[in-house]
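Before any comments, here is the structure.
Just so you know, ligand 1 is whichever comes first in the structure, and atom 1 is the first atom listed for that ligand.
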Amino acid sequence: MPPPPHHHHEIPLSRPSITAHEERLVLEVLRSGRLSIGPMVERFEQLTAERVGVRHAVACSSGTAGLHMVMSALGIGPGDEVITTPFSFIASANAILYVGAKPVFVDICPKTLNADPELIEQAVNPRTKAILAVEAFGNPAHMEAYARIAAKHEIVLVEDCCEALGTKHNGRQAGSFGRAGVFGYYPNKQITTGEGGMVVTNDDRLADLCRSLRNQGRAVAGHGSVAPGSTAGAWLQHERLGFNYRLSEIAAAVGVGQMERFDEIVAARQRVANRYMQRLLDVNDLILPTVPEGAEMSWFVFVVRLAAGFTREERDRIIQGMRNHDIGAADYFPCIHLQPFYRRAYGFKEGDFPISESVSNRTIAVPFFAEMTDREIDLVGQTLEVMISREGLARR
Ligand SMILES: *Cc1c(COP(=O)(O)O)cnc(C)c1O
């Protein structure tokens, strides 16, 4: 058995950027005695709302929880359809299933790896309630087109921007294109809180609903959640079916520290991306990530693609070869519709979304994190190059 992608390699696939600044903030929380529903969550929310340029940010326990809350708050449910991409992490489509609605997949554009706007337009029908768009690997391409389609058909655009915090397109921040956006803070994202997520929106009602849903359906007073012992006296009043999707103060402290260092973290990621681009530019049979015109990327991962003609087996051997050299590598992302659960429950099969499948069979995520040294980047580049040419030779 190959080690899982989370196995610790000498050069890991990802590694969070945590400094003494985050440590100080966490200690501050631990010593305050206030470990949940407190000022750190509010600070984290405010920093995020300012960064994204939206009125509201609602912290929650994961990106997946955030997506679930947004689907719920929009009143999407059984009988409704939501158009989305099969080329994503499984959480984006699962959020549609959580509320009993039907994910309608459309194939992707082979250059940007995001859902093809023309196919979205064709998939809209009277049951369509929303487009759940994903910035695949943080690429913001087509978000403006999706927003136009949503407006034209009077449906909602939701952004699963879990991979795109800090990415801009034509001056607009990821998370600000749709009615709501959702970020995730798992340790491989641009910034982390260990586990965590954030809903961002300009819609006052949607924000209040999410604040209530994350807190067991309790009423919302002003901007904070009604806390035990507050004068509102509504702590045990539950107005709707809610969840416990709160983010702890400890996690929020890490988030505040990360947001305060955000520009530094993104600049470091940009440096690593630039060096990979230079190092891999001339490698035969390799397609590098594209950055759309007008975009500034914050770089979630660095995913390269083998040229058309390479098989999935060859790609898998290259990944295994990297791992054998103690370098993290992964097959981001297997198509959602081909996951065992989706095949079994919904009858999806190979060939349903040929572009997604062909791309997904040839992608390789290589180690990518802010503190990567030039030496490490060059070693990854060299190893990748050797593995690719080895496969090429074996074929001839
Ligand atoms: C990371 C991610 C999520 C959320 O993941 P959590 O682990 O629940 O925070 C959702 N969608 C996409 C596309 C992601 O990459």
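- Interface of Asp160 with ligand 1, defined as ligand atoms under 4.0 Å from a residue heavy atom, comprises 10 (C), 11 (N), 12 (C), 13 (C).
- Listed by first and then second residue, the side chain to side chain donor-acceptor pair (under 3.5 Å) pairs involving residues 172-183 amount to none (not counting sequence neighbours).
- The six-membered or imidazole ring of Phe300 lies away from that of Phe137, with a centre-to-centre distance of 6.0 Å or more.
- Taking the six-membered ring wherever Trp is involved, the centroid distance between the rings of Tyr98 and His68 falls below 6.0 Å.
- By the 4.0 Å heavy-atom criterion, Lys189 is counted among the residues contacting ligand 1.
- Ring centroids of Phe105 and Tyr346 are separated by 6.0 Å or more, keeping the two rings apart.
- Using a 4.0 Å cut-off between heavy atoms, Thr64 contacts ligand 1 through both its backbone and its side chain.
- Using a non-hydrogen distance threshold of 4.0 Å, Ser88 registers as a contact of ligand 1.
- Closest to atom 3 (C) of ligand 1 among all protein heavy atoms lies Cys162 SG, 3.4 Å.
- Ranking the protein heavy atoms by distance from atom 7 (O) of ligand 1 puts Tyr186 CB, 4.0 Å first.
- Short contacts between ligand 1 and Phe89, defined as distances under 4.0 Å to a heavy atom of the residue, involve ligand atoms 2 (C), 3 (C), 12 (C), 13 (C), 14 (C), 15 (O).
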Quick one, Asn94 with Tyr342, criterion side chain to side chain contact (heavy atoms under 4.5 Å, CB included). Give me CA distance, side-chain angles, the key distance, then yes/no. CA-CA 10 Å; Asn94 281 355; Tyr342 278 78; 2.6 Å; yes
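- Of the protein's non-hydrogen atoms, Glu163 OE2, 3.3 Å is the one closest to atom 13 (C) of ligand 1.
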Without placing hydrogens or testing angles, list every side-chain donor-acceptor pair under 3.5 Å for residues 254-264, not counting sequence neighbours.
residue : atom : partner : partner atom : Å
Gln258  : OE1  : Thr192  : N            : 2.9
Gln258  : NE2  : Ser17   : O            : 2.6
Gln258  : NE2  : Glu22   : OE2          : 2.9
Glu260  : OE1  : His21   : NE2          : 2.6
Glu260  : OE2  : Arg43   : NH2          : 3.2
Arg261  : NE   : Glu264  : OE2          : 3.1
Arg261  : NH1  : Ser17   : O            : 3.1
Arg261  : NH1  : Glu22   : OE2          : 2.7
Arg261  : NH2  : Ser17   : OG           : 2.8
Arg261  : NH2  : Glu264  : OE2          : 3.0
Asp263  : OD1  : Arg51   : NH1          : 3.0
Asp263  : OD1  : Arg51   : NH2          : 3.3

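- For atom 9 (O) of ligand 1, the nearest non-hydrogen atom of the protein is Gly63 N, 2.8 Å.
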Asp80 and Arg127: CA distance, side-chain angles, deciding distance, salt bridge (charged side-chain N to carboxylate O under 4.0 Å, His left out) verdict: CA-CA 5 Å; Asp80 297 336; Arg127 289 180 301 280; over 6 Å; no
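- Shown in contact with Ala91 at under 4.0 Å from a heavy atom are these atoms of ligand 1, numbered in order with element: 10 (C).
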